[in-house]
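FYI, side chains are in, hydrogens and waters are out, and symmetry mates aren't considered; it's all heavy atoms of this structure. Lettering follows sequence order; numbering is per chain, from 1.
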Amino acid sequence: MFHYFIPNIITALVDVNFSIYYAMSEKVAIVWFRNDLRILDNPALFHAYNNYDKVILLYIYDDQLGGSWKMGGASKWWLYYALFHLNKTLEHKSCRLILRKGDSLEQLKQILSSTKAQEIFFNGMYEPYNIKLEQEIEILCDSLEVTATRFQGNLLLEPWEAKTTTGKNFSVFTPYWNACKKLINTKDPLPEPKFKPYYPEVADCNLDDLNLLPAINWADGLKATWEPSEKKALELLGEFIDNQLSGYSELRSRPDMVGTSSLSPYLHFGQISVRYLYNSLRFLSYQKPALSTQVEKYLSEIGWREFSHHLLFFYPNLPEQNFRENFDKFQWDNDTELLRAWQRGMTGYPIVDAGMRQLRSIGWMHNRVRMIVASFLTKNLLISWQEGAKWFWDNLVDADLANNSASWQWVAGSGADAAPYFRIFNPVTQGEKFDPKGEYVRRWVPELKSLQNNVIHQPWKNFLPNKFNNSINYPQPIVKLDTSRARALAIYKQIKR
DNA sequence: AGATAGTTTAC
DNA sequence: TAAACTATC
């Protein structure tokens with residue numbers, strides 16, 4: 001499966017020179033890239049070049065890592081282009097990314113022994129399987145007398161840093177985030193490293209060999225929407241600051257408008273540093289105090305990301321198990337037909353279907369609509385949050401185990417500092433409030449295009465004959481809102497006891 | 001980060 | 001009579 005990088009004549013000569021250097025036992029280090037696919041403010045990358053002249057830049061695609069939470073289809077699509085763009089950037093620095101496929105530990109073992117690297121640099125991750133892998137790598141490195149150096153580059157704080165005054169872990173967001181804000185170090189983000197040209201002689205494979213792109217092409221919508229590069233992330237941040245930030249706290253809830261930064265996938269894959277993001281906005285708020293309320297609102301969303309990682313770190317079962325144990329006796333209905341209708345965007349509730357189709361089409365859904373579709377699944381359809389989490393996992397380009405698990409549990413009511421169970425969103429009311437002209441619905445549910453604004457969120461009320469009206473193809477509501485709401489509340493009463 | 005039904009208040 | 005408020009889920 002692997003092939004050796006075949007250099008052109010010039011790099012072949014360079015390679016010969018390097019092997020001579022190697023004979024002189026010049027030190028080599030490895031940067032093990034993970035979800036930190038950036039060159040700016042990347043501690044592992046920066047410190048590797050600060051300490052070594054020969055740095056091997058490595059990414060291992062381990063298609064089994066994560067078990068039932070191994071990378072989903074949309075994430076793999078994103079990863080393909082993220083690696084593509086990162087490699088392009090590195091080539092401009094006369095370096096290149098070594099790609100490997102297979103078991104992470106096994107691959108690292110092979111590379112460590114074939115390159116005689118003395119040190120491996122990486123940035124820490126927090127999923128249970130990634131924590132386990134880091135521990136195994138530490139043991140491996142000990143046995144090979146290689147130094148393993150872990151950096152903190154993916155969160156503002158390590159999950160264990162913020163503690164309550166009694167030394168316990170937080171389980172409520174607001175006091176957690178207030179404590180974090182006092183602890184967050186506002187030192188400047190690291191610049192890009194001083195790259196040193198090096199084309200190591202290491203067996204690797206082509207990007208296409210990783211089999212990241214779908215065999216059946218469903219990714220046109222993703223391709224038309226996203227550019228998964230570090231450069232684009234920085235551009236999006238700039239555009240967000242210029243155009244959206246001043247109205248963020250209102251417009252963030254409007255799926256029919258551009259009101260959010262759309263940085264979630266870039267943050268997940270580490271194509272933008274959360275510290276860079278945080279410091280940029282803090283500095284802006286200091287420069288322009290009028291924006292401080294909006295900045296605080298945006299940064300609190302970054303705070304939820306920190307909080308989710310904090311929860312996942314201390315409750316590694318968060319992706320599977322209810323955080324609140326009393327939810328264990330909750331009787332989910334888990335009807336397959338209803339689940340399928342939800343997945344396909346055929347529930348008969350326009351805002352729900354628009355969201356689910358947006359998800360399938362571009363691998364992303366507006367945050368407000370995520371809450372609406374999640375409430376609908378768990379409360380109106382009585383389908384477990386785990387089913388929703390699985391579907392999102394496969395379809396989101398920003399699928400992130402901590403955020404996904406914590407957020408689904410938040411909506412279901414089983415999570416830490418969760419929405420009360422009885423907070424049941426009404427998709428009609430929500431649609432009329434946050435998509436008042438139905439533009440979001442018309443974009444993603446074209447059958448409803450010709451409906452008037454006053455019935456776009458309740459198409460069953462459209463009795464006006466219209467020969468251009470395609471809404472006949474649109475399903476009737478799969479459940480009634482009033483009775484399904486009452487049923488959910490009745491079940492909630494039972495689990496309270 | 002809600003919805004709803006019932007009640008009070010402001011014209 | 002509708003907006004505003006409130007208790008409840």
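Between the CZ atom in A:Arg443 and the CG atom in A:Asp256 there is a gap of 11.5 Å [rounded to 0.5 Å]. For the atom pair A:Glu320 CD and A:Gln386 CD, the distance stands at 8.5 Å (nearest 0.5 Å).
Regarding A:Arg423, its CZ atom lies at a distance of 14 Å from the C1' atom of C:dT8, rounded to whole Å. Per the geometry, CD1 belonging to A:Ile424 stands 13 Å off P belonging to C:dC9, to the nearest Å. To the nearest angstrom, C1' of B:dA3 lies 14 Å from OH of A:Tyr421. If you measure from atom CZ of A:Phe425 to atom C1' of B:dA3, you get 10 Å, rounded to the nearest angstrom. If you take CH2 of A:Trp408 and C1' of B:dA1, they are 15 Å apart, rounded to a whole angstrom. Atom CG of A:Leu489 is separated from atom P of B:dG2 by 16 Å (rounded to the nearest Å). Distance, A:Lys493 NZ to C:dT8 P: 12 Å, rounded to whole Å. Protein atom OH of A:Tyr298 is 17 Å distant from nucleotide atom C1' of B:dA1, rounded to whole Å.
For the OP1/OP2 pair of B:dA1 and a distance below 4.0 Å, the side-chain nitrogens and oxygens of A:Gln430 include no atom meeting the criterion.
In this structure, of B:dG2, B:dT4, B:dA1, it is B:dT4 that holds the atom nearest to the side chain of A:Asn426.
Among the protein residues, A:Lys297 comes within range of the sugar-phosphate backbone only, with heavy atoms under 4.0 Å from sugar or phosphate atoms but none that close to a base. Among the atoms of the strands shown, only primed sugar atoms or phosphate atoms (P, OP1, OP2) are found under 4.0 Å from some heavy atom of A:Thr429. Among the protein residues, A:Arg485 comes within range of the nucleic acid bases, having at least one heavy atom under 4.0 Å from a base atom.
When only modelled atom types and interatomic distance are considered, A:Trp385 and A:Asn322 share a side-chain donor-acceptor pair under 3.5 Å.
Ring orientation note: the planes of A:Phe173 and A:Trp177 are close to parallel, at an angle under 30° on the 30°/60° scale.
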